[in-house]
Amino acid sequence: MSLRALIVYRLALLIIRLGGGKRFLGKHAAFDVVLGIIFGSVLSRAVNGSSPFFATLGAGFIIASLHWLFATIALYSQPFGILIKGTAQPLIKEGQIQWDTLHQGYISKEDLIEALRAHGKLSDPSQVQAAHLERSGEISVIP
C-alpha cells in the first residue's frame, strides 16, 4: 500500500502539472493539493475500515514524508522547485498583453482585466508595467 501511495502521489502530481494546474487549483500549488487529495483519500480507508489500519496509516505517513522531502529539496534546488511547483508566467510586459501566455493559462482577456482591477486598481493593460500568472495560480500586477 505504501508503494502504491508513492506511485499515485507522483502520477497525480505529474497529471496536474501537465494539465495546466495553475488555473485548476486556484491559489494552491499542485504539489500541495495532491497531498491533500491523496492523504485524505488514503486515511479515509483507515477510518471506514476498507483497508488494513496500520498499512493505511503507513501509506499516509509515506505521502506526508514525500511532501516534506519534496518541499525540502525544492527549498534548496531551484530546478526541482520549478519541476514540482512551476514558474511564474508573464501576462503583461510593459503594457503589452502576452497573448500566448494568456492562452496557455486558459485566461481570457476579461479574467485578466478583472485581476488588474482587483490587484492593481487599473482597468487598462497599457498602464501595467508587468502582470504575472504566479505559481499559485494568482495573477499579480505591477502598475
Side-chain angles (χ1 to χ4, degrees), residues 1-48 50-51 53 55-143:
M1 185 174 255
S2 294
L3 180 58
R4 287 192 317 233
L6 170 65
I7 292 168
V8 170
Y9 178 82
R10 290 176 132 185
L11 288 175
L13 183 60
L14 177 67
I15 290 166
I16 290 174
R17 291 281 300 125
L18 292 176
K22 288 180 186 174
R23 294 286 291 173
F24 171 73
L25 300 170
K27 296 182 181 178
H28 303 284
F31 173 65
D32 298 318
V33 172
V34 168
L35 171 73
I37 293 169
I38 294 177
F39 191 71
S41 177
V42 167
L43 292 185
S44 71
R45 293 170 187 230
V47 172
N48 68 24
S50 64
S51 294
F53 184 74
T56 304
L57 291 180
F61 178 77
I62 294 296
I63 291 168
S65 297
L66 276 174
H67 188 268
W68 173 83
L69 177 66
F70 285 4
T72 301
I73 294 170
L75 177 65
Y76 295 106
S77 170
Q78 183 178 5
F80 188 76
I82 289 170
L83 177 68
I84 65 168
K85 295 181 180 182
T87 59
Q89 302 294 316
L91 300 176
I92 299 176
K93 288 182 182 177
E94 298 177 7
Q96 300 297 313
I97 295 175
Q98 306 300 302
W99 292 105
D100 288 345
T101 309
L102 244 62
H103 293 142
Q104 289 170 359
Y106 302 102
I107 299 170
S108 69
K109 183 177 180 183
E110 290 75 21
D111 291 339
L112 179 62
I113 300 301
E114 178 183 336
L116 296 182
R117 289 192 306 266
H119 301 293
K121 308 297 184 227
L122 304 166
S123 60
D124 184 357
S126 67
Q127 298 173 320
V128 176
Q129 179 183 351
H132 289 86
L133 177 59
E134 300 296 343
R135 298 186 330 172
S136 66
E138 190 169 342
I139 296 175
S140 63
V141 179
I142 301 171

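For clarity, every value in this text was computed on a predicted model and none was experimentally measured.
Among all heavy-atom pairs drawn from Ile63 and Leu35, the shortest one is CG2-CD1, 3.2 Å. Summarising the geometry of Lys109 relative to Ile97, their closest heavy-atom pair is CE-CD1, 4.3 Å, with the distance given to 0.1 Å. Scanning all heavy atoms of the two residues, the minimum distance from Asp124 to Ser126 falls at OD2-OG, 2.8 Å. In this structure, Lys85 and Ala74 approach most closely via the heavy-atom pair CE-CB, 4.4 Å. When all heavy atoms of Asp111 and Ile107 are compared, the pair lying nearest together is CB-CG2, 3.7 Å. Shortest non-hydrogen contact noted between Ile113 and Ser123 is CD1-O, 3.7 Å.
Rounding to the nearest 0.5 Å places CD of Gln127 at 13.0 Å from CD of Gln129. With rounding to the nearest 0.5 angstrom, the CG atom of Leu83 is 9.0 Å from the CZ atom of Phe70. Separation of atoms OG1 (Thr87) and CZ (Arg135) is listed at 8.0 Å; rounding is to 0.5 Å. With rounding to the nearest 0.5 Å, the separation of CG in Leu66 from CZ in Phe61 is 10.0 Å.
For Thr101 (side chain) and Pro90 (main-chain N/O), a donor-acceptor pair under 3.5 Å exists by modelled atom type. Not a single donor-acceptor pair under 3.5 Å links the side chain of Gln78 to the backbone N or O of Tyr76.
The shortest distance between side-chain heavy atoms of Thr56 and Ser44 does not fall below 4.5 Å. A 4.5 Å side-chain heavy-atom check between Ile73 and Ile84 finds every atom pair outside the cut-off. At least one side-chain heavy atom of Ile92 sits less than 4.5 Å from a side-chain heavy atom of Leu112. A 4.5 Å side-chain heavy-atom check between Leu57 and Leu43 finds at least one atom pair inside the cut-off.
For the residue pair Glu134/Ser140, the side-chain donor-acceptor check at 3.5 Å is satisfied.
Atom CZ of Phe80 has more than 12 neighbouring heavy atoms from other residues, nucleotides or ligands inside a 6.0 Å radius.
Annotation: side-chain hydrogen bond (donor to acceptor under 3.5 Å, both in side chains) contacts involving residues 59-74, sequence neighbours excluded, comprise Asp32-His67.
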